Peer 1: 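Pasting a structure here, questions to come.
In this text, all values refer to a predicted model and were calculated from it rather than measured experimentally. To find a chain, count down the sequence lines: A is the first, B the second, and so on, and within it residues start at 1.
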Amino acid sequence: MKPVLSLTDVWLRYDSHQPWVLREINIHIDEGDWVTIIGANGSGKSSFIRLMNGLLQPTKGEVIVCGMSASDPEKFIDIRKEVGMVFQNAENQIVGITVEEDTSFGLDNLGFPRDEIASRCQEVWNVLGLHDKQDSPPHLLSGGEKQKLAIAGVLVMQPRIILFDEPASMLDAKSAQQLYALMADLHQKGCTIIVVTQEVEDMFHGNRLVMMHEGGIRYDGSPLEAVKQSSIFQDCRLRPPFRTRMRDIAANWDMESWLESVE
Amino acid sequence: MDIHLERVTGVYSPKTPYTKTALEGISLSIPSGQFVAVMGVNGSGKTTLVQLICGLLHAASGHVKVGPYDMNKKPNRRRAWRALGYLPQYPEHQVTEDTVFNHIAAGLGHLGLTDEGMNERVQQYLEVVGLCSERYKNASPFQISGGELRRIALAGVLAAEPNILVLDEPTAGLDSLERLYILACIKQIHLKKGITVCYITHRLEEAMEYSDRILVVEQGRLYADLHPSEIRLRWRELEPIGFVKTPLLRFLDQFEKRFAGHRTQSMYKEDQLVSYITEMCAGGSQDECNGFD
Ligand SMILES: Nc1ncnc2c1ncn2[C@@H]1O[C@H](COP(=O)(O)OP(=O)(O)OP(=O)(O)O)[C@@H](O)[C@H]1O
Ligand SMILES: [Mg+2]
């Protein structure tokens, strides 16, 4: 299978006097993968996913998205159609003067028929719980509602790959759970999903976990393997997830087996 | 300074098409020195509640009192503001000064400190949040990491030495260690100086770990007011309004199901569980331990 997204020997720095922000990144993501990216503040996660839709160009190395080179300016628009991105700071992403206008903005631009736009918007608002806000001006929304609006604008476009940069940071626990259920649904339908998160407990949602440390990839593999190794989390300056913390305590008393029986 | 709210209503943009009653009929008291967590789903009215307490939004009806000050009156609000420290959500978006020192000093103008006094104060509070003053005070706020910037914003609020600290999701967007660090700083100041802390969070595990009281807002009303130890007992009330079990709560449930008769019902903090297990295994009651296999 050909990867849908690949970064080969990618290095990035914002200018030549500054240290490398990303170093020696090699990653190949298959169509239908669900990748979770975790790492401490400043480890390079946001820069990393901004390379994946051509928003940032690597200083060295190559980025290929759906068979197109991300550094080819002619492919720019085609890449944006395939890859949707939910930004970390929702406010940057909001363009419309009402929720309704904001959500339909992208589809409108591409000349989609009215009823198609309406039904896609309705569907997304329902899942995100924004249905009674469609006439509200975005600046009057609460913090979490703004974040949901930014997510809605991307989902209605039904992109093939979706990049989420800390999409649940301002959501309540239930909304976060619903968002992950929505991702599972998209994933089921064949969508490739890449999520950056600060919530270590959320790493179990995807099938692949990438851990970043100081601009490099420190771990790339199954989340269920990572959970057994608290040293990787420590190396990355992260607090290990609850399960790993309990494992460490159980290990002191040779009780891993009972722990597993509780889990 | 105690905080009292009496039948308070919070209304946004009154007399416009977008008018919205975000809070209704809230009565509560927060005695001086309490550590209160405010929880509730998106749009339930948490930010509105803390803004009313801080006098940043005026009660459409009812009374908000902070210490002796009735917050409906403007001169009173000014006096109360000296005692209040408010950290808005994503405070880093509001940083405008060119250096970290100037950013913190800008919030201390009203104290009338000498240059030397100001220097000392800034240095002291940078250290409280774990940043080396020499290294950071002349740095540009735009060239440091998100976690450091959040600490600096917190240092700015703490440096005014408020009696009441109000924080809107202070740990959102921070990595797991940075979150623990910020909360530990807040807890330490709270314990050392006895200040009141009122903070909004979506993380139940934080609220259970750090607060003495959890206020739950639901659709503009005060839905529940409880101690962290009551969370498990009152789960049936909380689940329908969007509470989701933390890994610790799920673990305790499983634990009790599998090993009936263990004294874990009253636990709500991770270190309680850890000491329980450790005691059991180390304290010689090997039988009990073997019972696990
Ligand atoms: N300026 C405003 N004008 C009109 N309505 C507003 C305004 N600000 C907030 N609201 C509405 O008031 C309600 C409560 O908002 P508030 O910001 O207090 O919620 P919150 O509990 O802090 O939510 P979140 O967890 O998302 O931050 C929401 O329905 C919101 O849309
Ligand atoms: Mg809020």
Peer 1: Using non-hydrogen atoms and a 4.5 Å limit, figure out which bit of B:L180 sits close to chain A: side chain, backbone, both or neither.
Peer 2: side chain

Peer 1: Heavy-atom cut-off 4.5 Å, strictly under: side chain, backbone, both or neither for B:E270 against chain A?
Peer 2: side chain

Peer 1: Between A:G42, A:A40, A:P241, who has the most heavy-atom pairs with chain B when the cutoff is under 4.5 Å?
Peer 2: A:A40

Peer 1: For chain A, which of B:H202, B:E205, B:R203 has the most heavy-atom pairs under 4.5 Å?
Peer 2: B:H202

Peer 1: CD of A:Q188: more than 12 outside heavy atoms within 6.0 angstrom?
Peer 2: no

Peer 1: Given that the side chain runs from C-beta out, which part of A:L140 has a heavy atom under 4.5 Å from chain B: side chain, backbone, both or neither?
Peer 2: side chain

Peer 1: Report the option among A:Q198, A:Q88, A:Q147, A:K174 that has the most heavy-atom pairs separated by less than 4.5 Å from atoms of chain B.
Peer 2: A:Q198

Peer 1: Any side-chain heavy atom of A:F242 sitting closer than 4.5 Å to one from B:L248?
Peer 2: yes

Peer 1: Hey, what do you get for CE (A:M170) to CG (B:D168), rounding to the nearest 0.5 Å?
Peer 2: 8.0 Å

Peer 1: If you draw a 6.0 Å radius around CD in A:Q229, do more than 12 non-hydrogen atoms from other residues or ligands fall strictly inside?
Peer 2: yes

Peer 1: Would you find more than 12 non-hydrogen atoms of other residues, nucleotides or ligands less than 6.0 Å from B:R135 atom CZ?
Peer 2: no

Peer 1: Using side-chain heavy atoms (C-beta onward) and a distance below 4.5 Å, is A:R239 in contact with B:R179?
Peer 2: no

Peer 1: Flag the pair B:E178 and A:R237 as a salt bridge only when some basic side-chain nitrogen lies within less than 4.0 angstrom of an acidic carboxylate oxygen.
Peer 2: no

Peer 1: Within the distance-only criterion (no hydrogens, no angle test), does the side chain of A:N41 pair as donor or acceptor with the backbone N or O of B:D175 below 3.5 angstrom?
Peer 2: yes

Peer 1: I need the residue from B:A172, B:G43, B:G45 with the largest number of non-hydrogen atom pairs under 4.5 Å to chain A.
Peer 2: B:G43

Peer 1: Sort B:K46 into side chain, backbone, both or neither according to what part of it lies under 4.5 angstrom from a heavy atom of chain A.
Peer 2: neither

Peer 1: Can you run down the side-chain hydrogen bond (donor to acceptor under 3.5 Å, both in side chains) pairs that involve residues 129-144 of chain A, sequence neighbours left out, and say none if there aren't any?
Peer 2: A:S142-A:E145

Peer 1: State whether the number of non-hydrogen atoms from other residues, nucleotides or ligands found under 6.0 Å of B:L233 atom CG is greater than 12.
Peer 2: yes

Peer 1: Write out, in numerical order, the residues from residues 215-223 of chain B with a heavy atom short of 4.5 Å from a heavy atom in chain A.
Peer 2: none

Peer 1: When only pairs under 4.5 Å are counted, which of B:T47, B:V274, B:L174 shares the most heavy-atom pairs with chain A?
Peer 2: B:L174

Peer 1: Is there side-chain contact between B:P247 and A:E201, with at least one heavy-atom pair below 4.5 Å?
Peer 2: yes

Peer 1: Which one of A:G143, A:S43, A:P137 has the most heavy-atom pairs closer than 4.5 Å to chain B?
Peer 2: A:P137

Peer 1: Check B:N42, B:V244, B:V41 against A:S175 for a side chain to side chain contact (heavy atoms under 4.5 Å, CB included) and give me the one that passes.
Peer 2: B:N42

Peer 1: Under a 4.5 Å heavy-atom cutoff, which of A:V200, A:I38, A:L171 has the most pairs with chain B?
Peer 2: A:L171

